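Written out below as structure tokens is the structure these notes cover.
Residue numbering restarts at 1 for every chain, and letters A, B, ... go by the order of the sequence lines. All heavy atoms count here, side chains included; hydrogens, waters and symmetry mates do not. Keep in mind that this is a model prediction, so the values were computed, not measured.
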Number of protein chains: 2
Amino acid sequence: MDLNQTYRMTKQRKIIVDVLKKSNDHPTADLIYQKVRRKLPRISLGTVYRNLEILEQIGMIRKINSDGTRMRFEFSSEEHNHIRCTECGSIEDLKIDCAPPLGNISEESGYEVIGCDQEYYGICPSCQKKSQKIA
Amino acid sequence: MDLNQTYRMTKQRKIIVDVLKKSNDHPTADLIYQKVRRKLPRISLGTVYRNLEILEQIGMIRKINSDGTRMRFEFSSEEHNHIRCTECGSIEDLKIDCAPPLGNISEESGYEVIGCDQEYYGICPSCQKKSQKIA
DNA sequence: GTAATTGCAAAAATTTTGCCTCATA
DNA sequence: TATGAGGCAAAATTTTTGCAATTAC
């Protein structure tokens with residue numbers, strides 16, 4: 001990231017942030033693109049990607065790597081954890097129960113430790129119901 | 001996954017497992033492909049992907065979604081955490097300092113909680129040295 | 001012998017990028 | 001008006017898949 005860069009607030013960028021602010025489902029880039037297109041039909045997917053990249057770098061949004069094949073995004077609100085359904089891939093927010101101890105890790109690894117993502121995984125209520133029907 | 005499926009141990013599959021057993025660097029599919037090709041020059045990348053998928057399903061290896069753009073893999077040994085370098089993307093193992101409390105999460109979310117991945121991130125010793133040279 | 005597995009190649013899915021034009025600051 | 005940003009399309013990257021031939025059990 002070029003720290004001497006000055007960023008402009010375009011209508012595209014504004015609407016992308018807006019969509020993320022209103023989303024609580026951690027959408028993928030393509031889903032964000034679909035939603036933004038309702039307001040800006042001529043926006044391109046490339047623009048969405050470029051903006052998501054910039055918005056993450058300036059700390060306005062966060063990237064979540066959930067299933068490994070594609071990124072998800074969320075607006076940067078207070079710190080929290082995620083729980084992901086191993087069946088349907090949906091992600092929900094969780095409040096933080098226990099923050100991991102960053103100090104020990106630094107000594108142990110030699111890393112300059114910045115943080116820690118905790119991702120819980122399991123089967124969501126909706127998928128639990130589905131598997132009951134099958135069984 | 002088809003539970004009635006019976007799996008065969010082909011030489012391709014055996015060597016892929018072997019490569020992962022000997023790797024401590026959480027390689028990507030392509031890197032595994034490169035390594036396996038030294039022993040089986042005619043193996044295809046598709047075969048590697050299909051095997052990684054199966055080996056993960058039977059619990060012999062684990063997937064790690066680190067940077068979100070591509071998967072990494074490791075042999076299933078004892079439980080541990082990971083620390084990822086935000087500069088170079090390398091991943092190292094960490095012993096588990098504090099296991100997160102799974103019980104609370106289940107009550108809180110309604111999920112049938114299976115587990116939790118903790119991924120620490122920061123700057124690895126090698127990248128710390130690099131940035132000192134630049135500054 | 002049978003069905004799982006392979007190699008090959010094509011396709012799919014996701015993300016990045018070049019280039020020229022437009023618009024924000 | 002200078003340069004960051006957008007639109008479009010092509011390319012790059014990673015992963016998946018169809019199919020005929022092969023191989024493990």
Query raised in the report: Under a 4.0 Å N-O cut-off, is there an ion pair linking K14(B) with D18(B)?
Result: no
Query raised in the report: Any salt bridge between K95(A) and E78(A), counting N to O under 4.0 Å?
Result: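 Answer for the salt bridge query: no.
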**Report entry** Members besides I114(B) in its Ile/Leu/Val/Met/Phe/Trp/Tyr cluster (side-chain heavy atoms under 4.5 Å)
**Finding:**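 So far as hydrophobic clustering goes, I114(B) is joined with Y121(A), I123(A).
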**Report entry** For L94(A), the rest of its hydrophobic cluster, which grows through side-chain links under 4.5 angstrom
**Finding:**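 So far as hydrophobic clustering goes, L94(A) is joined with I83(A), Y120(A), L102(B), I105(B), Y111(B), V113(B).
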Rounded distance in Å - [atom1] ([X]) to [atom2] ([N]):
| X | N | atom1 | atom2 | answer |
| --- | --- | --- | --- | --- |
| L55(B) | dT5(C) | CG | C1' | 13 Å |
| L52(A) | dT16(C) | CG | C1' | 13 Å |
| N65(A) | dT14(C) | CG | C1' | 14 Å |
| E53(A) | dG4(D) | CD | P | 17 Å |
| R70(A) | dT14(C) | CZ | P | 5 Å |
| K14(A) | dG6(D) | NZ | P | 12 Å |
| Y7(A) | dG6(D) | OH | P | 12 Å |
| E56(A) | dT15(C) | CD | P | 13 Å |

Query raised in the report: Is there a salt bridge (charged side-chain N to carboxylate O under 4.0 Å, His left out) between K21(B) and E74(B) once you walk through the steps?
Result: CA-CA 8 Å; K21(B) 261 190 193 163; E74(B) 66 177 2; over 6 Å; no
Would you list the protein and nucleotides 21-24 of chain D atom pairs, both N or O, that sit under 3.5 Å from each other?
| unit_1 | atom_1 | unit_2 | atom_2 | d |
| --- | --- | --- | --- | --- |
| dA24(D) | N3 | R8(B) | NH1 | 3.0 |

Requested in this report: For DNA chain C, determine which residues of residues 26-47 of chain A have any heavy atom closer than 4.0 angstrom to one of its atoms, and list them numerically.
Outcome: A29(A), L45(A), G46(A)
Any donor and acceptor pair, going by atom type alone, linking the side chain of [X] with main-chain N or O of [Y] inside 3.5 Å?
| X | Y | value |
| --- | --- | --- |
| S23(B) | H26(B) | no |
| S106(A) | E112(A) | no |
| R62(B) | S77(B) | yes |

Query raised in the report: In degrees rounded to 10°, what angle is found between the helical axes fit to the five outermost pairs at each end of the helix from dG1(C)-dC25(D) to dA25(C)-dT1(D)?
Result: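 The value is 50°.
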Query - Value rounded to 0.5 Å, distance of CD in Q12(A) from NZ in K39(A) - result: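 Output value for this atom pair is 13.5 Å.
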Query - Separation between CG of N65(A) and CD of E119(A), rounded to the nearest 0.5 Å - result: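 It is 8.0 Å, given to the nearest 0.5 Å.
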Query raised in the report: When you measure from the side chain of N51(A), which nucleotide among dT14(D), dG6(D), dT17(D) comes out closest?
Result: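 The answer is dG6(D).
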Report task. Keeping to residues at least two apart or across chains, list the ring pair (Phe, Tyr, Trp, His ring centres under 6.0 Å) pairs with something in residues 57-80 of chain B. Result ->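 Counting only pairs at least two positions apart or across chains, the ring pair (Phe, Tyr, Trp, His ring centres under 6.0 Å) contacts touching residues 57-80 of chain B are H80(B)-H82(B).
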Requested in this report: For dG7(C), take OP1 and OP2 only and decide whether either is under 4.0 Å from a side-chain N or O of Q12(B).
Outcome: yes
Requested in this report: Report the residue (T69(B) or R13(B)) whose heavy-atom-nearest nucleotide on DNA chain C is the more 5′ of the two.
Outcome: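 It is R13(B) whose nearest nucleotide is closer to the 5' end.
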